[in-house]
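In this chain, residues are counted from 1 in sequence order.
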Amino acid sequence: MIEIDGKAAPAPQPAEVPWHRAVVRGFRNRCPHCGEGRVFGRFLKVREACEACGTELHHHRADDLPPYLVIFIVGHLVGIGILESEMRIEDIPLWFELTFWPLLTLAMALGLLQPVKGAVVGLQYGLGMHGFAAIRRSRAGTGPSGETRDGARDGRDDGQRGHAPDLRSA
């Protein structure tokens with residue numbers, strides 16, 4: 001610990017993480033804040049907090065979006081594969097197609113589900129959605145004008161957050 005004039009200096013706060021870096025970290029099953037700890041405790045169960053930096057991860061709301069994205073990606077890739085194989089390869093045995101394509105679909109879906117869910121958690125952290133805004137606000141501190149920086153980049157102070165916009169001035 002560093003001491004200045006007999007007082008302990010506060011620990012330096014890490015810089016704000018850009019949303020795209022948080023998404024990549026989440027895709028790699030790493031903490032969106034520090035990039036060291038793991039996001040998942042089990043296959044799709046997000047940890048309560050990062051084991052390395054202590055960032056709370058339980059705020060996420062990545063419930064339905066990851067399966068939709070996986071279905072979209074896998075459906076397009078497998079669909080293109082089926083069409084191309086039917087057009088380019090003649091006399092493909094039916095038993096091969098009925099075993100290969102479903103197995104490939106299952107393997108791709110299971111292989112992509114965890115990285116896509118981690119990326120969605122990282123996106124929510126990077127954009128300060130749900131409870132992640134309070135975490136980013138506490139790490140960001142206050143700006144030069146005295147307003148609290150919360151990572152939302154909407155120009156509003158925390159005192160204005162949660163109130164309906166004033167439409168009379170528009």
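Checking side-chain atoms of Asn29 against main-chain N and O of Phe40 turns up a donor-acceptor pair under 3.5 Å. Between the side chain of Arg38 and the backbone N or O of Cys31, no donor-acceptor pair lies under 3.5 Å.
Taking OG1 from Thr105 and CD1 from Ile71, the interatomic distance works out to 11.5 Å, rounded to the nearest 0.5 Å. Within the model, atoms CZ of Phe96 and CD1 of Ile89 stand 8.0 Å from one another, a figure rounded to the nearest 0.5 Å. With rounding to the nearest 0.5 angstrom, the CG atom of Leu57 is 11.0 Å from the CD atom of Gln124. In this structure, CZ on Arg42 lies 10.5 Å from CZ on Arg47, to the nearest 0.5 angstrom. Atoms NE2 and OH, from His59 and Tyr125 in turn, are 10.5 Å apart once rounded to the nearest 0.5 Å. To the nearest 0.5 Å, the span separating CG on Leu112 from CZ on Phe27 amounts to 6.5 Å.
Here the closest heavy-atom approach between residue Ala52 and residue Cys34 is recorded as CB-SG, 4.1 Å. Minimum heavy-atom separation, Val78 to Leu104: CG2-CD2, 4.4 Å. For the pair His33 and Val17, the tightest heavy-atom approach, listed with the atom from each and the gap, is O-CG2, 3.4 Å. When every heavy atom of Ala109 is checked against every heavy atom of Val74, the shortest pair comes out as N-CG2, 3.9 Å.
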*With side chain to side chain contact (heavy atoms under 4.5 Å, CB included) as the test, would you mind laying out the steps for Val116 and Leu65 before giving the verdict?*
CA-CA 9 Å; Val116 169; Leu65 182 61; over 6 Å; no
*Can you check side chain to side chain contact (heavy atoms under 4.5 Å, CB included) on Leu44 and Lys117, steps first, answer last?*
CA-CA 8 Å; Leu44 290 177; Lys117 184 169 182 175; 4.1 Å; yes
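Checked against side-chain contact (heavy atoms from CB on, under 4.5 Å), Leu77 has the following partners two or more places apart in sequence or in another chain: Ile73, Met108. Under the rule for a ring pair (Phe, Tyr, Trp, His ring centres under 6.0 Å), Phe43 has no partner lying at least two apart in sequence or in another chain.
Applying the salt bridge (Lys or Arg N to Asp or Glu O under 4.0 Å) test to residues at least two apart or on different chains, none of the pairs has a partner in residues 22-37. Evaluation of the salt bridge (Lys or Arg N to Asp or Glu O under 4.0 Å) test over residues 59-72, restricted to residues two or more places apart or in two chains, returns none. Note on residues 74-88: pairs passing side chain to side chain donor-acceptor pair (under 3.5 Å), not counting sequence neighbours, are Glu84-Arg88.
The hydrophobic cluster containing Ile82 also contains Phe100, counting ILVMFWY residues as joined when their side-chain heavy atoms lie under 4.5 angstrom apart, directly or transitively. The cluster map of Ile, Leu, Val, Met, Phe, Trp and Tyr, joined by side-chain heavy atoms under 4.5 Å apart, puts Trp19 and Val24 in different clusters.
The side-chain heavy atoms of Pro32 and Val39, taken from C-beta on, include a pair separated by under 4.5 Å.
Its side chain within the 4.5 Å cluster rule, Leu94 clusters with Leu98 among the Ile, Leu, Val, Met, Phe, Trp and Tyr residues.
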